[in-house]
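This is a predicted model, so every value here is computed, not measured.
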Amino acid sequence: MTQAPLKRTPLFDAHLLHKARMVDFGGWEMPVQYSGIIQEHNAVRTGVGLFDVSHMGEIVVRGPQALDLVNFITTNNAARLQTGQAQYSGLLYETGGFVDDILVHKVTDTEFFLCVNASNQDKDYAHIVEHNRFDCEVENAGPRLAQIAVQGPAALPVVNRVTVADVSSLRYYWFTDTEAAGYPARVARTGYTGEDGFELYVTPEHAEPLWRALLGAGAGHGIQPCGLGARNTLRLEAGMALYGHEIDASITPLEAGLSWIVKFDKGDFVGRAALEKQRETGIQRKLTGFEMTDRGIGRDGYEVRLDGQSAGWVTSGGPSPTLNKNIGLCFLPAAAAEPGRAIEVMIRDRPVAAVTIPTPFYKRSK
């Protein structure tokens with residue numbers, strides 16, 4: 001069977017121009033790094049980095065009962081959103097496991113804009129349509145949008161140089177529709193790095209000129225194009241979940257430390273009954289952070305042991321450029337998932353010492 005050709009974002013040529021190393025990421029040909037993961041990671045922590053995230057999906061729900069559908073298919077309470085505000089939420093199966101984790105943006109009382117993970121966008125769209133028994137329509141808007149993320153302490157002055165709106169007035173997890181580099185754009189003060197930052201949505205034909213404009217606006221701040229490698233190390237330090245690692249169809253928000261995005265008081269939603277039952281009986285496993293105390297790196301999928309017995313697995317792990325230590329996230333029995341617990345990570349059939357610690361591993365100063 002022939003493999004389908006890899007998809008490319010509108011910024012593919014720009015990545016080649018900057019000598020990016022391209023990889024297959026969920027069916028997309030994406031830059032994993034340009035100058036190097038550590039250099040790009042540090043640029044975001046200390047200055048500003050530029051990411052192509054046009055592979056991400058976007059779904060629009062519009063109509064008189066748009067809010068009713070969004071609240072039924074997500075865990076958080078979209079009724080609490082004001083126009084121009086966003087929230088982190090989850091799409092669940094009836095079993096309580098994740099279809100995806102998403103961002104919900106309230107555009108108007110009758111329109112909501114959902115940002116979803118790249119590899120899940122078709123599945124998410126089908127899931128939402130399947131549950132749409134309300135007076136509204138659902139659009140898979142990904143093909144008509146590109147997305148660029150500007151992240152780091154210097155993100156604000158960079159974005160402000162290219163936007164008509166003064167985005168300094170935007171609070172965290174708010175957005176505005178304006179112009180960027182002369183093109184219509186939705187600018188959201190959101191991100192996936194643990195730093196201040198913005199995500200800009202434009203049409204595909206405007207992605208490359210906006211990319212160039214942002215690079216020019218950030219030249220005095222040492223802006224660097226950043227790939228998926230730095231995006232992963234940054235989100236791990238910030239303790240943020242990655243679909244397929246910390247969350248998937250077999251893992252619930254209560255197990256993944258995301259109970260704060262589940263609002264039981266809002267009424268019915270997909271997966272509610274399963275989560276209520278789990279809340280009553282108590283979770284059996286819990287996501288927790290760890291750092292290696294002996295030499296070694298706990299990689300994704302490695303076995304975790306307690307007192308010499310198999311007890312869980314590493315969901316994400318690797319070196320932390322900011323903290324200069326090897327860190328990770330793992331699932332452990334709920335009773336053992338507390339800071340200060342000695343554990344062992346099996347690395348090449350050898351138990352290597354580690355200890356559980358609180359997350360996030362890194363938190364930016366306000």
Considering only NZ, NE, NH1 and NH2 on the basic side and carboxylate oxygens on the acidic side, decide whether [X] and [Y] come within less than 4.0 Å.
| X | Y | result |
| --- | --- | --- |
| Asp196 | Arg189 | yes |
| Glu237 | Arg235 | no |
| Glu40 | Arg231 | no |
| Asp307 | Arg341 | yes |
| Glu29 | Lys7 | no |
| Glu255 | Lys286 | no |

Q.
For a ring pair (Phe, Tyr, Trp, His ring centres under 6.0 Å) check, start with the C-alpha distance between Trp313 and His245, then their side-chain angles and the critical distance, and finish with the verdict.
A. CA-CA 10 Å; Trp313 74 98; His245 292 252; over 10 Å; no

Under a 4.5 Å cut-off applied to non-hydrogen side-chain atoms, are Val32 and Met22 in contact?
->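 The answer is no; the side chains never approach within 4.5 Å.
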
Q.
Is any side-chain heavy atom of Tyr88 closer than 4.5 Å to one of Tyr173?
A.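 Yes, at least one pair of side-chain atoms sits under 4.5 Å.
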
Using only atom types and a distance under 3.5 Å, with no angle test, would you say the side chain of [X] pairs donor to acceptor with the backbone of [Y]?
| X | Y | answer |
| --- | --- | --- |
| Lys106 | Ala86 | no |
| Asp100 | Ile102 | no |
| Arg45 | Pro321 | no |
| Thr359 | Gly239 | no |
| Lys263 | Trp260 | yes |
| Asp24 | Gly27 | yes |
| Asn326 | Met292 | no |
| Ser89 | Leu103 | no |
| Asn117 | Ser119 | no |
| Thr9 | Leu11 | yes |

Between Leu234 and Tyr192, is the side-chain contact (heavy atoms from CB on, under 4.5 Å) condition met? List the steps. CA-CA 8 Å; Leu234 289 158; Tyr192 192 53; over 6 Å; no

Kindly work out whether a path of hydrophobic side-chain contacts (I/L/V/M/F/W/Y, heavy atoms less than 4.5 Å apart) joins [X] to [Y].
| X | Y | value |
| --- | --- | --- |
| Phe51 | Met240 | no |
| Val345 | Leu329 | no |
| Val99 | Ile251 | no |
| Leu332 | Phe290 | yes |
| Val53 | Ile148 | no |

Do the side-chain N and O atoms of [X] and [Y] include a donor-acceptor pair separated by under 3.5 angstrom?
| X | Y | value |
| --- | --- | --- |
| His127 | Tyr93 | no |
| Thr74 | Asn76 | no |
| Ser250 | Asp248 | yes |
| Ser54 | Gln147 | no |
| Tyr125 | Glu58 | no |
| Gln284 | Gln278 | no |
| His41 | Thr233 | yes |
| Tyr243 | Asp101 | no |
| Asp300 | Ser316 | no |

Establish, for the pair [X] and [Y], whether the NZ or CZ atom is under 6.0 angstrom from the six-membered ring centre and no further than 45 degrees off its axis.
| X | Y | answer |
| --- | --- | --- |
| Arg299 | Tyr302 | no |
| Arg279 | Phe264 | yes |
| Arg133 | Phe72 | yes |
| Arg186 | Phe113 | yes |

Is it true that, when you exclude [X] itself, more than 12 heavy atoms of the residues, nucleotides or ligands shown sit nearer than 6.0 Å to its [atom1]?
| X | atom1 | answer |
| --- | --- | --- |
| Glu205 | CD | yes |
| Asp265 | CG | yes |
| Arg161 | CZ | no |
| Ile38 | CD1 | no |
| Asp166 | CG | yes |

Walk me through it: do Arg272 and Leu275 pass the test side-chain contact (heavy atoms from CB on, under 4.5 Å)? CA-CA 5 Å; Arg272 178 191 174 109; Leu275 295 188; 5.9 Å; no

Query raised in the report: Hey, what's the ring geometry for Tyr183 with His206, parallel, tilted or perpendicular (30° and 60° as the breaks)?
Result: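 Taking His206 first and then Tyr183, their aromatic rings lie parallel (interplane angle under 30°).
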
_Let's go through Phe12 and Asp52 carefully: what are the C-alpha distance in whole Å and the side-chain angles of both, what is the deciding distance for side-chain contact (heavy atoms from CB on, under 4.5 Å) to 0.1 Å, and is it a yes or a no?_
CA-CA 9 Å; Phe12 179 79; Asp52 174 17; over 6 Å; no

- Query: Hey, do the aromatic rings of His105 and Phe112 have their centres closer than 6.0 Å?
  - Reply: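 Aromatic pair excluded; centres sit 6.0 Å or further apart.
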
**Message:** Between Val352 and Arg350, does the side-chain contact (heavy atoms from CB on, under 4.5 Å) criterion hold? Intermediate values first, please.
**Reply:** CA-CA 6 Å; Val352 180; Arg350 181 175 68 90; 3.6 Å; yes

- Quick one: closest heavy-atom pair of Ser259 and Leu254, and the distance?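 Nearest pair, atom of Ser259 first, then Leu254: CB-CD2, 3.7 Å.
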
